[in-house]
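In what follows, a structure is listed as structure tokens, so that the remarks can point back to it.
Please read all numbers here as calculations on a predicted model, not as lab measurements. Side chains included, hydrogens not; waters and symmetry mates left out as well; all remaining heavy atoms used.
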Amino acid sequence: MLTALIPGSFDPFTLGHLDLVRRAYALSDRVIVAVAHNPHKSARIPFDARCEAIRETLAREGLADRASVDTLPGGLLVEGAKKLGATHLVKGIRNAQDLAYEEPMARANMDLGGLDTLFLLTDPALAHISSSLVREIYSLGGDASRYLPDASMRALAAACTTPAVDSKEQS
């Protein structure tokens with residue numbers, strides 16, 4: 001059974017992320033969207049709210065039969081992936097900067113755990129979308145809904161009525 005793991009902080013889960021899940025779903029028997037704590041980022045949306053928004057989105061999109069949401073503990077990605085039964089990682093590549101960032105990590109994941117990474121080029125219509133851009137647009141009063149599934153938009157709106165979440169609380 002081919003099990004794709006799509007790791008990320010998903011703060012918030014965007015239409016670009018959803019497109020990546022759909023495409024991994026078509027190429028794998030099972031897809032796990034693995035929400036991870038990134039120690040280099042300060043999360044805006046609480047961890048549980050991100051997971052719930054993704055679950056709701058997968059169900060609404062008819063993907064929940066073979067796609068699920070799980071969490072990654074701290075530590076090496078390859079170790080968490082093995083615990084979840086992943087056979088490969090899937091990463092979206094929007095541009096050359098993404099590839100330059102992801103390639104050494106993919107090589108390390110192969111070297112440390114024998115885990116292949118499948119790179120999928122982002123749909124050009126979605127290539128400009130990033131979680132940080134969406135958060136910035138929303139925080140400046142712009143319409144971020146065009147970049148997010150409904151559940152993610154609700155989670156972002158709810159999070160922005162409260163103070164930022166300390167990344168140390170995300171573990």
Closest approach of Leu99 and Pro104, non-hydrogen atoms and distance?
O-CD, 4.5 Å

Leu72 and Ile45: same hydrophobic cluster, using ILVMFWY side-chain contacts below 4.5 Å?
no

Answer yes or no: is there a side-chain heavy-atom contact under 4.5 Å between Leu77 and Met105?
no

One should read off an interatomic distance between Phe10 CZ and Leu18 CG, to the nearest 0.5 angstrom, of 11.0 Å

At their closest point, which heavy atom of Ala59 faces which heavy atom of Ala64, and how far apart are they?
CA-CB, 3.9 Å

Charged N to carboxylate O under 4.0 angstrom, Arg107 versus Glu103?
yes

Can you tell which of Val21, Leu148, Val35 makes a side chain to side chain contact (heavy atoms under 4.5 Å, CB included) with Phe13?
Val21

State whether the number of non-hydrogen atoms from other residues, nucleotides or ligands found under 6.0 Å of Glu136 atom CD is greater than 12.
no

Decide yes or no for Leu126 and Thr14: does some side-chain heavy atom of the first lie under 4.5 Å from some side-chain heavy atom of the second?
no

Give the minimum heavy-atom separation between Asp150 and Arg60, together with the two atoms involved.
OD2-NH1, 4.0 Å

Verify same cluster id: Leu118, Ile93 (apolar side-chain graph, 4.5 Å)
no

Main chain of Thr3, side chain of Thr87: is a donor-acceptor contact present, judged purely on distance under 3.5 Å?
yes

Does Asp70 use its side chain to pair, donor to acceptor, with the backbone of Ala34 at less than 3.5 Å?
no

If you round to the nearest 0.5 Å, how far is CD1 of Ile137 from OH of Tyr147?
4.5 Å

Under the 3.5 angstrom rule, does the side chain of Ser152 hit a backbone N or O of Pro12 as a donor-acceptor pair?
no

Checking side-chain polar atoms at under 3.5 Å, does Asn95 have a donor or acceptor matched by the opposite partner on Tyr101?
no

Could you pull out the closest heavy-atom pair between Ala144 and Met153, with the gap in Å?
C-SD, 4.0 Å

What pair of heavy atoms forms the shortest contact from Ala36 to Phe47, and how long is it?
C-CE1, 4.1 Å

Measuring from Glu79:CD to Asn109:CG, what's the distance to the nearest 0.5 Å?
10.0 Å

Quick one, Leu63 and Arg22 - any side-chain contact, counting heavy atoms below 4.5 Å?
yes

Using side-chain heavy atoms (C-beta onward) and a distance below 4.5 Å, is Ser130 in contact with Arg94?
yes

Salt bridge flag under 4.0 Å for residues Asp19 and Arg23:
yes

State, to 0.1 Å, how close Arg44 and Asp11 come at their nearest heavy-atom pair, and which atoms those are.
N-OD2, 2.7 Å

Just wondering, do Asp116 and Met110 contact through their side chains at under 4.5 Å, heavy atoms?
yes

Within-4.5 Å side-chain heavy-atom neighbours: Val31 and Ser68
no

Cluster check Leu89, Leu20: I/L/V/M/F/W/Y, side chain < 4.5 angstrom:
no

Flag yes if Leu5 and Leu58 sit in one hydrophobic cluster, no otherwise; membership is Ile, Leu, Val, Met, Phe, Trp, Tyr, and two members link when side-chain heavy atoms are under 4.5 Å apart.
no

Just so I know, are the side chains of Ser28 and Met1 near enough to count as touching, which here means a heavy-atom distance under 4.5 Å?
no

Can you check whether Ser131 reaches His17 side chain to side chain, under 4.5 Å on heavy atoms?
yes

In the single-linkage hydrophobic clustering (I, L, V, M, F, W, Y; side-chain heavy atoms under 4.5 Å), do Leu115 and Ile32 co-cluster?
yes

Would Glu102 and Thr117 count as a side chain to side chain contact (heavy atoms under 4.5 Å, CB included) if you check the C-alpha gap in whole Å, the side-chain angles of each, and the deciding distance to 0.1 Å?
CA-CA 9 Å; Glu102 296 291 350; Thr117 301; 6.0 Å; no

